[in-house]
Amino acid sequence: MAPENNAKPETGPKMVPVTKPKGWVVLVLRLLALAATASATIVMGVNKETKTFVVATVGTTPIKATFSAKFQHTPAFVFFVIANGLVSFHNVVMIAVNLFGKQLDYKGLRLAMIAIFDLLNTVLVSAGVNGAVYMAELGKNGNSHARWNKICDRFKTFCDHGGGAIIASFIGLALMIVISIISIVKLAKSKSNTPLLGEP
């Protein structure tokens, strides 16, 4: 029999699944941050220049001395290498967590720990690069009040490589800031979706 009153079956609106933000965005940002901080670590870690200068003249005989500029000679550069190395290691671990961490989540603490460690490493790389910038500026311009002479006019390659490492570290810092913001937003959203005590 035909349906009464020629009634047509009701058709409701089509349900469009809501897609969550892609996880590969954070993964790409972490890979870029890893490349930046690892490059800064390597470039500064191998940064060395040796030159020979005439320091005095006895009669017509020049007296020469050989000097080397190394990152180990400056504690700020040593801290820079350590800080960027630790942040590189952090991003390697976080990439692994991003790929396999859902299986290791314990009572929903994964997002909280990621946000905390991202923020700590952002502060760490910021401290390292800002200390290095201060020493780089001192090496480039010196300090007339303290009578500290500049060295970049004599060790140009050393200063150029150091400047490149600092630029790479600043790129890593900018990426870590973005990653930290994303981690905190994810944590806030997960907390807002968690039912309060006593709710079903």
Side-chain angles (χ1 to χ4, degrees), residues 22-51 67-101 104 109-143 148 150-187:
K22 299 296 184 180
W24 59 264
V25 174
V26 177
L27 181 61
V28 170
L29 289 174
R30 289 198 185 279
L31 287 172
L32 293 174
L34 171 61
T37 54
S39 299
T41 304
I42 294 171
V43 172
M44 186 66 83
V46 300
N47 195 13
K48 177 183 176 181
E49 186 177 8
T50 301
K51 280 191 172 184
F67 299 93
S68 294
K70 303 178 183 179
F71 85 95
Q72 298 97 321
H73 295 163
T74 306
F77 291 158
V78 174
F79 177 66
F80 175 89
V81 171
I82 294 173
N84 282 273
L86 289 175
V87 175
S88 300
F89 177 74
H90 163 77
N91 278 308
V92 170
V93 174
M94 289 298 106
I95 289 171
V97 170
N98 191 39
L99 296 175
F100 311 107
L104 305 175
L109 293 178
R110 182 174 63 92
L111 292 178
M113 296 304 297
I114 290 175
I116 291 171
F117 281 114
D118 281 341
L119 188 58
L120 289 176
N121 280 270
T122 301
V123 174
L124 179 62
V125 71
S126 175
V129 70
N130 280 285
V133 165
Y134 172 77
M135 294 307 301
E137 194 278 335
L138 188 62
K140 182 178 180 181
N141 299 316
N143 189 321
W148 292 339
K150 57 184 179 181
I151 66 166
C152 286
D153 56 337
R154 295 186 175 95
F155 295 95
K156 187 175 185 302
T157 301
F158 175 81
C159 291
D160 289 343
H161 289 176
I166 289 173
I167 292 173
S169 186
F170 266 120
I171 295 173
L173 172 60
L175 291 168
M176 286 303 301
I177 291 174
V178 175
I179 292 170
S180 294
I181 293 173
I182 294 175
S183 298
I184 293 171
V185 169
K186 281 186 176 181
L187 177 62

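- Listed here is the closest heavy atom pair of S88 and L34: O-CD1, 3.3 Å.
- Looking only at distances, a side-chain donor or acceptor of T41 sits under 3.5 Å from a matching main-chain atom of G85.
- The two atoms that bring A83 and G128 nearest to each other are CB-CA, 4.3 Å, heavy atoms only.
- Listed by chain and number, the residues in a salt bridge (charged side-chain N to carboxylate O under 4.0 Å, His left out) with D153 amount to none (sequence neighbours excluded).
- Once rounded to the nearest 0.5 Å, the distance linking CZ of F158 with SG of C152 reads 8.0 Å.
- In this structure the side chain of N98 never reaches within 4.5 angstrom of the side chain of I114, judged on heavy atoms.
- Taking NE2 from H90 and CD1 from I95, the interatomic distance works out to 9.5 Å, rounded to the nearest 0.5 Å.
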Could you please spell out the steps behind the side chain to side chain contact (heavy atoms under 4.5 Å, CB included) verdict for F170 and V133? CA-CA 10 Å; F170 266 120; V133 165; 3.5 Å; yes
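- With L86 as the fixed residue, the side-chain contact (heavy atoms from CB on, under 4.5 Å) test singles out one of T37, V125, V81, L124: L124.
- Side-chain atoms of K48 and T50, non-hydrogen and from C-beta on, do get closer than 4.5 Å to each other.
- Nearest heavy atoms, T157 versus N47: O-OD1, 4.3 Å.
- Taken to the nearest 0.5 Å, the CG atom of L187 stands 13.5 Å off from the CD1 atom of I182.
- In plain terms, the two heavy atoms of F77 and A136 that are nearest each other are CZ-N, 4.2 Å.
- A distance of 6.5 Å separates CZ of F155 from CD of E49, quoted to the nearest 0.5 Å.
- Panel note: side chain S183, backbone I179; a donor-acceptor pair is recorded below 3.5 Å.
- Atom CZ of F89 sits in a sparse spot, with 12 or fewer heavy atoms from other residues, nucleotides or ligands closer than 6.0 Å.
- Within a 6.0 Å radius of CZ in F79, other residues, nucleotides and ligands contribute more than 12 heavy atoms.
- Atom CG in L31 sits 8.5 Å away from atom CG in N91 (nearest 0.5 Å).
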I would like to know whether R154 and I151 meet side chain to side chain contact (heavy atoms under 4.5 Å, CB included); could you show each step before the answer? CA-CA 5 Å; R154 295 186 175 95; I151 66 166; 5.6 Å; no
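- Here the closest non-hydrogen pair linking A36 and A168 is CB-O, 3.4 Å.
- There is a side-chain donor-acceptor pair under 3.5 Å between S126 and N130.
- Once rounded to the nearest 0.5 Å, the distance linking CZ of R30 with CE of M94 reads 6.0 Å.
- Contact detail for A33 and L175: the closest heavy-atom pair is N-CD1, 3.4 Å.
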